[in-house]
Number of protein chains: 2
Amino acid sequence: MSKPNKPITIKEIARKLRISPSTVSRALNDHPSIGLVTTMRVKKLAEELKYEPNQTAIFFKQRKTFTIGVILPKLSEPFFASAISAIEEVAGDQKFTVLLGQSLDNPERELNIINSFRTHRVDGILMSLGKNTTNLDFIESLHKYEIPIVFFDCVPEDVEVPKVYCDLSTGIQEAVQAFAERGHTQIALVNGPETLNASVERMLSFKKALEDHGLPFDDKYVVYSDLSEEGNYAAMEKLRMLADRPSAILAFNDYVTLDIIKFAKEKGIYLGHDVHVISFANYSMWKYMDNPPLGSIEQYPAEQGAQAAKILFQLIDKKESDAPIPNHILASKLVYQ
Amino acid sequence: MSKPNKPITIKEIARKLRISPSTVSRALNDHPSIGLVTTMRVKKLAEELKYEPNQTAIFFKQRKTFTIGVILPKLSEPFFASAISAIEEVAGDQKFTVLLGQSLDNPERELNIINSFRTHRVDGILMSLGKNTTNLDFIESLHKYEIPIVFFDCVPEDVEVPKVYCDLSTGIQEAVQAFAERGHTQIALVNGPETLNASVERMLSFKKALEDHGLPFDDKYVVYSDLSEEGNYAAMEKLRMLADRPSAILAFNDYVTLDIIKFAKEKGIYLGHDVHVISFANYSMWKYMDNPPLGSIEQYPAEQGAQAAKILFQLIDKKESDAPIPNHILASKLVYQ
DNA sequence: TTGTACGCGTTATCAT
DNA sequence: ATGATAACGCGTACAA
């Protein structure tokens, strides 16, 4: 019940035992050259005094903080919440702690966070890019400081950096196949903003999947939304106005799908009958809904986060940067509701 | 485009300018005793050399890390994701970073995380207790180390610690009133495990709310669940087996409500007609559902997190511990869907 | 106004 | 097997 206002240090232990601080240090670290007796005495006293090494001193000395920084758009997104949850678990296993920063899709905030991480001397960074990020100079900057960075989910294109992401084409193939098997020929894509990589990728894979299944591709069945509720409604309205409406829809993500469901309800369109929907990223919510989408394409946020973290720890461990740049691409998968 | 393999230090700047390191240090910190000219020269060179102070050294020296630790059960819970999202924003404003730890409701993990935080010399801790935590000795332990801790949401009872939480009684009053106004007299409570404070609190407030509205309280209308799907089903089955079934249900949380919805669908019970439901914690999901609950009782996770963070920073700033223990109780509120 | 000297807690190196 | 010393980068009392 003593009150250690001043934390116990190695020096104090040394003084009380009338030995040198270096001996204490070595004893505590099980250095082989220290005698068993001394080691025991030191450890015993350290225990009694409730000695706790001052990590800030160790960080300072070892130039290592056992800390990684994670930057992602928004923590309250279920997708990213799952990812960071998995990252934290992997990091914990490695005795690393996780520093947190959310960019809110703001490039300026992203840079601030990265700078903050750098001044905090994190050992590495995991990052999922915000929607509006265009300037990627910070990658080179981090490289100079020898801080490894691994991207996940929303990763930069055409840049040689370690990244982990989900290949949407496999899931889209499955989705189109699922539609085709059910006799659909007029399949629409409610896509995100044309400027987004994620949109382009969906579009290209969608087109290819149609071709692979011998289905015609028609521009009018691809509509774009800014992902706001109004945008989603406007996109749906475009489809509704068509002479031959689509009987199946691939939706940009689950949020879009929710708006599609709402739109359909308001317009008296019977989901799962008049039109069938498949979307991206899997909510456990769906099973509770009366007319859930046919399925959604799972992108495995937890796996992406865990995988990215593992790669980052490999990079942190071996300074050798002559190894090939590690990438990891997960296959997306259609999951039926 | 120079490659600063070894980060620039104050010493180097001093050497290049042929002045002493202390002068450089003072100049960079705008110490009044340093001449304007010298200050400018130093700052200019520091800029050119892209000098970045070594935070680990500063942390070490100042015995302060500008870091807070946040412990909560599970990050992928939307409730906690919102909370930590708000916490991170408040911390960022104060130039603090956030260390993360999830307990997964495991008391052992909780202690490990706290120890990890302590060895990392965090300046303070925010914590939401796991469901299974009984031993609260760590609070006293942290007190000895003079590490302030503020609890939020799931807070310890009968312990004099700073805490922020939501008073459920106001929301429950509103819920019971809403039911009463609609003519319900047989109102059930599908509660969580009897051992949980959260359950006891709901139960007591529920009972009082019934009395306040002149409604009878009947034990048989209070059923308990372990919050698993099976448990929720079993609890609902108990209510279904009653001679006079309840026409209204207050549910422990939204997860329970989802199972209630599923149960009702399977048993052919028409929700919003045969039986009405109000639950706790608000999902934006509800608006997309065909028969959402009547409402839910909002507990404001973001506000709780932000408020707890603000209190923690006050505690960190003023070492004076003779001030009264700051508590902050938010009123819960019924939100109609 | 500036420089000197020291200390924060730990560990690596060299000596004994 | 153990001790003495230096060093990590920075801030600051004290001296000049």
Side-chain angles (χ1 to χ4, degrees), chain A residues 4-43 45-46 49-67 95 118-123 145-146, chain B residues 4-43 45-46 49-67 95 118-123 145-146:
Chain A
N5 253 0
K6 294 297 161 216
I8 312 295
T9 70
I10 276 186
K11 284 183 186 171
E12 290 180 69
I13 297 179
R15 192 162 38 76
K16 299 206 177 184
L17 254 37
R18 299 173 179 283
I19 56 180
S20 90
S22 31
T23 305
V24 175
S25 170
R26 283 181 280 223
L28 290 173
N29 291 310
D30 289 312
H31 194 286
S33 74
I34 300 296
L36 189 58
V37 193
T38 315
T39 303
M40 294 303 283
R41 289 210 315 146
V42 168
K43 287 200 174 179
L45 185 59
L49 264 40
K50 293 188 200 280
Y51 164 77
E52 307 252 5
N54 184 339
Q55 288 291 358
T56 62
I58 297 174
F59 294 162
F60 171 46
K61 180 120 224 304
Q62 304 198 335
R63 291 126 176 286
K64 207 176 162 192
T65 58
F66 296 95
T67 300
K95 307 293 177 201
R118 201 183 51 217
T119 56
H120 274 257
R121 296 287 204 270
V122 297
D123 297 327
Y145 287 102
E146 294 184 319
Chain B
N5 252 0
K6 292 299 161 213
I8 312 294
T9 70
I10 275 185
K11 283 183 189 171
E12 291 180 69
I13 298 180
R15 192 162 40 75
K16 300 206 179 185
L17 254 39
R18 299 175 179 282
I19 56 181
S20 90
S22 46
T23 305
V24 176
S25 169
R26 282 181 280 227
L28 289 173
N29 292 311
D30 288 312
H31 195 286
S33 76
I34 300 296
L36 190 58
V37 192
T38 315
T39 303
M40 295 303 283
R41 287 211 315 146
V42 169
K43 288 199 173 178
L45 185 60
L49 264 43
K50 294 191 200 282
Y51 164 76
E52 308 251 6
N54 184 337
Q55 287 292 357
T56 61
I58 297 175
F59 294 161
F60 171 47
K61 178 127 230 297
Q62 304 198 334
R63 291 125 178 288
K64 209 177 163 194
T65 57
F66 296 95
T67 300
K95 307 294 176 201
R118 201 182 51 218
T119 55
H120 275 254
R121 295 288 205 271
V122 296
D123 296 326
Y145 287 103
E146 295 184 316

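In the text below, chain A, chain B and the rest are named by the order of the sequence lines, each starting its count at 1.
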[X] side, atom [atom1]; [Y] side, atom [atom2] - distance, nearest 0.5 Å:
{"X": "B:Ile13", "Y": "B:Ile8", "atom1": "CD1", "atom2": "CD1", "value": "7.0 Å"}
{"X": "A:His120", "Y": "B:Ile58", "atom1": "NE2", "atom2": "CD1", "value": "10.0 Å"}
{"X": "A:Thr38", "Y": "A:His31", "atom1": "OG1", "atom2": "NE2", "value": "13.5 Å"}
{"X": "B:Tyr51", "Y": "B:Leu45", "atom1": "OH", "atom2": "CG", "value": "12.0 Å"}

Provide, to the nearest angstrom, the distance between the [atom1] atom belonging to [X] and the [atom2] atom belonging to [N].
{"X": "A:Arg41", "N": "D:dA1", "atom1": "CZ", "atom2": "C1'", "value": "13 Å"}
{"X": "B:Phe59", "N": "C:dT10", "atom1": "CZ", "atom2": "P", "value": "18 Å"}
{"X": "A:Asp30", "N": "D:dA1", "atom1": "CG", "atom2": "C1'", "value": "15 Å"}
{"X": "A:Ile34", "N": "C:dT11", "atom1": "CD1", "atom2": "P", "value": "13 Å"}
{"X": "A:Ile19", "N": "D:dA4", "atom1": "CD1", "atom2": "C1'", "value": "14 Å"}

Report, as a single string ordered 5' to 3', how protein heavy atoms within less than 4.0 Å touch nucleotides 8-16 of chain D: B base, S sugar-phosphate only, - not at all.
-> BBBBBB---

Would you kindly check if the NZ (Lys) or CZ (Arg) of A:Arg121 is within the cone defined by 45 degrees around the ring axis of A:Phe59 and under 6.0 Å from the six-membered ring centre?
->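 The answer is no; the distance or angle limit is not met.
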
Among A:Ile19, A:Thr23, A:Asn29, find the residue that satisfies the side chain to side chain contact (heavy atoms under 4.5 Å, CB included) test when tested with A:Ile34.
->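 Passing option: A:Thr23.
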
Would you indicate what B:Thr38 reaches in the nucleic acid, counting non-hydrogen atoms under 4.0 angstrom: base, sugar-phosphate, or nothing?
->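 Sugar-phosphate only.
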
